[in-house]
Amino acid sequence: MQTIAVFQQNNSGETKIKGIAKFGDRQFDIQIFNIEPDLPPVLDDTSPYLPKTIEADLVLDYLKHCDLSEDLSRLCDNLGIPIVSSGKKLQCGHAFCPPICCTLQESNALGLYGKMFGTPRITVDLDEDRVAQIRVHRGAPCGATWLAAEKVKGLPLDQAMTRFGLEVQFFCSANPAGWDPLWGKSPVHLAADIHTAALKTSLKKKNKTASNT
């Protein structure tokens with residue numbers, strides 16, 4: 001079992017915590033550090049809000065205040081604990097900072113979490129021209145991959161190709177108002193594109209395997 005310390009403000013990581021607990025096959029011990037007070041725009045001293053030490057295999061940063069995230073990353077670096085800070089551009093420490101949670105690439109440093117959560121990896125099973133099921137091997141920690149997979153079950157493949165990404169948008173907990181200038185998309189639209197690409201990749205592998213048999 002992997003111990004994960006989750007840092008959040010006013011339950012900002014709630015959907016991810018629930019997703020990891022539900023789709024993580026009970027393989028994670030989740031410790032939650034929730035910061036509730038309203039904070040000033042600049043924090044010169046974050047020590048009243050962050051612990052002096054952390055006992056965990058991995059830290060997930062869902063904090064909203066950039067000063068807290070910077071100092072948390074520095075603390076994790078000093079302790080030798082990997083940290084994932086999705087959507088952040090941190091200057092301190094060695095945090096993994098994917099644009100959104102479902103663009104996190106696999107890394108041995110992230111242990112079991114890195115194998116189960118991040119950029120989606122799926123297998124599509126077909127019943128003639130319909131989706132019999134989508135088996136999720138790796139997905140978004142919010143659970144959007146698994147939930148969207150259930151929604152397209154039984155659909156004709158051409159409909160599923162469009163619907164899968166749309167369903168991911170419905171379940172994605174990223175801020176739809178955010179806009180990434182690098183990708184030219186909101187986080188929610190980026191999540192849809194990532195999942196649609198995973199579906200296409202699975203189908204290409206299936207077609208290649210069929211052609212070789």
Carboxylate-amine/guanidinium proximity below 4.0 Å for Glu70 and Lys88 = no

Side-chain contact, heavy-atom cut-off 4.5 Å: Ser73 with Asp61?
-> no

What orientation do His195 and Phe164 show, parallel under 30°, tilted 30 to 60°, or perpendicular over 60°?
-> perpendicular

If you take all heavy atoms of Ile4 and Ala56, which pair is closest and at what distance?
-> C-CB, 4.4 Å

Are the charged groups of Arg74 and Asp71 less than 4.0 angstrom apart, N to O?
-> yes

Is there side-chain contact between Ser107 and Phe96, with heavy atoms separated by less than 4.5 Å?
-> yes

Determine, step by step, whether Gln105 and Thr119 satisfy the side chain to side chain donor-acceptor pair (under 3.5 Å) criterion, reporting the C-alpha distance in whole Å, the side-chain angles of both residues, the deciding distance to 0.1 Å, and the verdict.
-> CA-CA 6 Å; Gln105 299 299 311; Thr119 305; 3.1 Å; yes

With no hydrogens and no angle check, is any side-chain donor or acceptor of Asn34 less than 3.5 Å from a backbone partner on Asn10?
-> yes

Indicate if Val59 and Leu112 have the same hydrophobic cluster label, given that clusters are the connected sets of ILVMFWY residues with side-chain heavy-atom separations under 4.5 angstrom.
-> no

Could you walk me through whether Ile54 and Cys76 pass the side chain to side chain contact (heavy atoms under 4.5 Å, CB included) check?
-> CA-CA 8 Å; Ile54 303 169; Cys76 289; 4.2 Å; yes

What do the steps show when you test Leu157 against Val131 for side chain to side chain contact (heavy atoms under 4.5 Å, CB included), and what is the final call?
-> CA-CA 6 Å; Leu157 183 57; Val131 175; 4.1 Å; yes

Could you tell me whether the side chain of Pro40 reaches within less than 4.5 Å of the side chain of Leu43, counting heavy atoms only?
-> yes

In terms of heavy-atom contacts, Thr145 and Ala140 come closest through OG1-N, 2.9 Å

Give, for atom CG of Leu110 and atom CG of Asp57, the distance between the pair rounded to the nearest 0.5 Å.
-> 11.5 Å

CA sep, side-chain torsions, deciding dist, call: Met116, Arg138, side chain to side chain contact (heavy atoms under 4.5 Å, CB included) = CA-CA 5 Å; Met116 299 186 69; Arg138 190 172 190 260; 5.7 Å; no

Quick one: pull up CD in Gln169 and CG in Leu190 and give me the separation to the nearest 0.5 Å.
-> 10.5 Å

Would you say Asp125's side chain and Ala132's backbone share a donor-acceptor pair under 3.5 angstrom?
-> no

Tell me whether Leu199 is reachable from Leu147 by hopping between hydrophobic residues (I, L, V, M, F, W, Y) whose side-chain heavy atoms are closer than 4.5 Å.
-> yes

Any chain of hydrophobic side-chain contacts (each under 4.5 Å) joining Phe33 to Ile83?
-> yes

Enumerate the residue pairs fulfilling ring-ring contact (aromatic ring centres under 6.0 Å, His included) with a member in residues 34-83, sequence neighbours excluded, ordered by first and then second residue.
-> none

Nearest atoms (heavy-atom pairs only) where Cys102 meets Ile194 | O-CG2, 3.6 Å

Sequence neighbours left out, cut at 3.5 Å: what donor-acceptor pairs do the side chains of residues 16-28 make with other protein atoms?
| from | atom 1 | to | atom 2 | distance (Å) |
| --- | --- | --- | --- | --- |
| Lys16 | NZ | Ser173 | OG | 3.0 |
| Lys18 | NZ | Glu14 | OE2 | 3.3 |

Verify the cluster assignment for Val152 and Ile122: are they in a single hydrophobic cluster under the rule of side-chain heavy atoms below 4.5 Å apart?
-> yes

What pair of heavy atoms forms the shortest contact from Arg121 to Lys115, and how long is it?
-> NH2-O, 4.2 Å

Using a 4.5 Å cut-off on heavy atoms from C-beta on, say whether the side chain of Leu90 contacts that of Cys97.
-> yes

Say whether, by atom type as modelled, one donor and one acceptor occur between the side chain of Gln2 and the main chain of Tyr113 under 3.5 angstrom.
-> yes

Determine the minimum heavy-atom distance between Ser202 and Val124, stating which atoms define it.
-> OG-N, 3.0 Å

Shortest non-hydrogen pair, Val168 vs Ala148, comes out as CG2-CB, 3.6 Å

Should Phe7 and Leu60 count as side-chain neighbours, where that means a heavy-atom distance under 4.5 Å?
-> no

Hey, does Lys64 have a side-chain heavy atom less than 4.5 Å from the side chain of Gln8?
-> no

Is atom NE2 of His94 surrounded by more than 12 heavy atoms (other residues, nucleotides or ligands) closer than 6.0 Å?
-> no

Counting only heavy atoms not in Asp158, do more than 12 fall under 6.0 Å of its CG?
-> yes

Check the pair Ile100, Thr103 against side chain to side chain contact (heavy atoms under 4.5 Å, CB included), reporting the backbone distance first and the verdict last.
-> CA-CA 6 Å; Ile100 54 177; Thr103 57; 3.6 Å; yes

Got a second to check how far Ile35's CD1 is from Leu50's CG, nearest 0.5 Å?
-> 5.5 Å

Side-chain heavy atoms of Met161 within contact of Leu203, under 4.5 Å | yes

Are Leu104 and Leu58 linked, directly or through other ILVMFWY residues, by side chains that come within less than 4.5 angstrom of each other?
-> yes

I would like to know whether Asp67 and Thr46 meet side chain to side chain donor-acceptor pair (under 3.5 Å); could you show each step before the answer?
-> CA-CA 7 Å; Asp67 292 331; Thr46 60; over 6 Å; no

pair Leu68-Leu39: side-chain heavy atoms closer than 4.5 Å = yes

